[in-house]
Amino acid sequence: MKLAYWMYAGPAHIGTLRIASSFQNVHGIMHAPLGDDYFNVMRSMLERERDFTPVTASIVDRHVLARGSQEKVVDNITRVDNITRKDREEHPDLIVLTPTCTSSILQEDLQNFVQRASLSTTADVILADVNHYRVNELQAADRTLDQIVQFYIEKARRQGTLSTTKTPTPSVNIIGLTTLGFHNQHDCRELKHLMADLGIQVNLVLPAGASVHDLARLPQAWFNLVPYREIGGLSAQYLANEFGMPSVTITPMGVIETARCIRAIQSVLNEQGADVNYEPLIERQTRDVSQAAWFSRSIDCQNLTGKKAVVFGDNTHAAAMTKILTREMGIHVVWAGTYCKYDADWFRAEVTGLCDEVLITDDHTVVGDAIARVEPAAIFGTQMERHVGKRLNIPCGVIAAPIHIQDFPVGYRPFLGYEGTNQLVDLIYNSFTLGMEDHLLEIFGGHDTKEVIHKGLSAATDLTWTTDGLAELNKIPGFVRGKVKRNTEKFAREQGITEITVEVLYAAKEAVGA
């Protein structure tokens, strides 16, 4: 499939399209005003794909804004296949025009742009009807995918090419996997393996790996699997309303939830006339493929029992990780949180009873303060929480976007399915400071030349440590030194002390009963 995106916007709003446009093997065109080729860089750098979407620039300067940009936009849409050599060779099948802050400021009639462009191009042209001021990137991606699915289902219906006849054997549409999603490429491969083990044919995977011309085949599947809460739900709901297609929305992440997802699939298939029993497969996979159940009972993991952790991320991964930590690893989750404020009720229902506190916020400073307040043994969060963990000397396992290039591994590291359980156990186990690790660092000089730094969330501090105070603080083992330092500074502020000496350090120790 060839997909072209015309995005009339500044670079700050490219993210909305970045997720929605993750149809794999795309040779489309994205125009990013101000010369921003962020999408191009993200695809090639993070996923390390040799075949990625080319980007061209259309400069929108003050002169264009002064006289209006309608003609410039329309002219570029109609010439969308003449911008680069590759675009001249491979014309796009779909052009998506997206609203952004710039178009809103200029009060442009984007639907008129679409109508005029449709007269001059052979490609389908649609307007992504998302309000970028009221929804976040994930909501916009979910809605845009749903809109594309509806567009091509209705087009096939008008043309008489829509087939609703089910496949002879059980089949599934896997909806919501994107090329820039967190471990989605690996999850896709693992889900395909899992479906093969269940004897289920994969009808379509979208948006990654699908063509717009394939979308008319969606109703042929027996059911839809939506592994992520954030993207795919609206499309699955539309297919349920139009064709009565059932959906399984349980994320198969962790031993317990993977088994629950498989049992839900079994129920859906048997209700449609199949006669399947997946219990032997669940038992065999849990025993022979997944090492998680065995490892969580091993002597190595006994050291983690009762340790404190915090969890933060999108709804899917934060909820799943909270369940794994508490139910499968025996780790105490002090608080679990999500930045998906629009879906807060679902998240609360999923984690209530599994953690002491629920945090719903999209303010990273609030998250940082919450981490500093409870001082967990480990953090499981986004790249932002990883930065906080470095400041506080608390290890962090990254489980959700926002992410960094290092979170796109070259090797095979799924989070879903039974192989995903092994990867998750490794991530959890290696995210804690284990056993004698810090003591060995002390013994072999790992901390000899390391000055104690301020462990607060702000680089600025109103306190001064004297030479003798720092010398005494450096004698404290590294694994508790940060906590002692923060407690001492808290005591000093409460007492109105600005210079911390050895005497102040001892006084703070007595005050907390240590």
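Heads up: numbering here begins at 1 and tracks the sequence.
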Heavy-atom neighbours of His332 NE2 exceed 12 at 6.0 Å: yes

Greater than 12 external heavy atoms within 6.0 Å of Lys192's NZ: no

Pairwise distance [atom1]([X]) to [atom2]([Y]) - rounded to 0.5 angstrom:
{"X": "Leu325", "Y": "Cys355", "atom1": "CG", "atom2": "SG", "value": "10.5 Å"}
{"X": "Arg217", "Y": "Ile153", "atom1": "CZ", "atom2": "CD1", "value": "11.0 Å"}
{"X": "Leu162", "Y": "Glu242", "atom1": "CG", "atom2": "CD", "value": "9.5 Å"}
{"X": "Leu359", "Y": "Tyr339", "atom1": "CG", "atom2": "OH", "value": "13.5 Å"}
{"X": "Asn203", "Y": "Lys166", "atom1": "CG", "atom2": "NZ", "value": "9.0 Å"}
{"X": "Gln237", "Y": "Met245", "atom1": "CD", "atom2": "CE", "value": "12.5 Å"}

Check this for me: does any side-chain nitrogen of one of [X] and [Y] sit under 4.0 Å from a carboxylate oxygen of the other?
{"X": "Asp129", "Y": "Arg143", "answer": "yes"}
{"X": "Arg413", "Y": "Asp426", "answer": "no"}
{"X": "Arg158", "Y": "Glu154", "answer": "no"}
{"X": "Lys323", "Y": "Glu328", "answer": "no"}

Within the distance-only criterion (no hydrogens, no angle test), does the side chain of [X] pair as donor or acceptor with the backbone N or O of [Y] below 3.5 angstrom?
{"X": "Gln201", "Y": "Pro170", "result": "no"}
{"X": "Thr338", "Y": "Cys340", "result": "yes"}
{"X": "Thr258", "Y": "Pro252", "result": "yes"}
{"X": "His364", "Y": "Glu385", "result": "no"}
{"X": "Thr421", "Y": "Ala292", "result": "no"}
{"X": "Asn430", "Y": "Leu427", "result": "no"}
{"X": "Tyr278", "Y": "Leu198", "result": "yes"}
{"X": "Gln150", "Y": "Tyr238", "result": "no"}
{"X": "Asn270", "Y": "Val276", "result": "yes"}
{"X": "Asn173", "Y": "Leu218", "result": "yes"}

Between [Y] and [X], is there a side-chain heavy-atom distance shorter than 4.5 Å?
{"X": "Ile174", "Y": "Pro227", "value": "yes"}
{"X": "Leu215", "Y": "Phe151", "value": "no"}
{"X": "Phe347", "Y": "Asp343", "value": "no"}
{"X": "Ile175", "Y": "Leu239", "value": "yes"}
{"X": "Glu271", "Y": "Ser267", "value": "yes"}
{"X": "Phe380", "Y": "Phe312", "value": "no"}
{"X": "Val367", "Y": "Val388", "value": "no"}
{"X": "Val255", "Y": "Thr286", "value": "yes"}

Which pair of non-hydrogen atoms, one from [X] and one from [Y], has the smallest distance, and what is that distance?
{"X": "Ala400", "Y": "Gly313", "answer": "CB-CA, 4.0 Å"}
{"X": "Pro402", "Y": "Thr382", "answer": "O-CB, 3.5 Å"}
{"X": "Pro207", "Y": "Leu177", "answer": "CD-O, 3.1 Å"}
{"X": "Ile379", "Y": "Gly389", "answer": "CD1-CA, 3.7 Å"}
{"X": "Ser247", "Y": "Ala236", "answer": "OG-CB, 3.5 Å"}
{"X": "Val205", "Y": "Ala210", "answer": "O-CB, 3.3 Å"}

Stepwise side chain to side chain contact (heavy atoms under 4.5 Å, CB included) test for Thr326 and Ile331: CA-CA 5 Å; Thr326 56; Ile331 294 169; over 6 Å; no

For Asp362, salt bridge (Lys or Arg N to Asp or Glu O under 4.0 Å) partners two or more places apart: Lys341

No-hydrogen, no-angle side-chain donor-acceptor test under 3.5 Å, Asn315 and Glu230: no

Residues Tyr418, Asp197; criterion side-chain hydrogen bond (donor to acceptor under 3.5 Å, both in side chains); working and verdict: CA-CA 11 Å; Tyr418 286 105; Asp197 290 336; over 6 Å; no

Qualifying residue, where the test is side chain to side chain donor-acceptor pair (under 3.5 Å) with Tyr228 and the options are Asp187, Asp314, Thr249, Thr316: Asp187

Stepwise salt bridge (charged side-chain N to carboxylate O under 4.0 Å, His left out) check, Arg284 with Glu279: CA-CA 9 Å; Arg284 184 174 67 255; Glu279 291 301 327; over 6 Å; no

Chi angles and distances behind the side chain to side chain contact (heavy atoms under 4.5 Å, CB included) call for Glu357, Val374: CA-CA 11 Å; Glu357 181 184 346; Val374 301; 5.5 Å; no

Within 45° cone of Tyr412 ring axis and under 6.0 Å: Arg189 NZ or CZ: yes

Verdict with reasoning, Phe415 to Phe182, per ring pair (Phe, Tyr, Trp, His ring centres under 6.0 Å): CA-CA 9 Å; Phe415 270 27; Phe182 184 71; 5.2 Å; yes

Side chain to side chain contact (heavy atoms under 4.5 Å, CB included) evaluation trace for Ser171 with Trp222: CA-CA 5 Å; Ser171 58; Trp222 288 39; 3.6 Å; yes

Derivation and outcome, side chain to side chain contact (heavy atoms under 4.5 Å, CB included), residues Thr251 and Arg229: CA-CA 8 Å; Thr251 301; Arg229 177 77 179 174; 5.8 Å; no

Verdict with reasoning, Thr365 to Asp363, per side-chain hydrogen bond (donor to acceptor under 3.5 Å, both in side chains): CA-CA 5 Å; Thr365 60; Asp363 186 340; 2.5 Å; yes

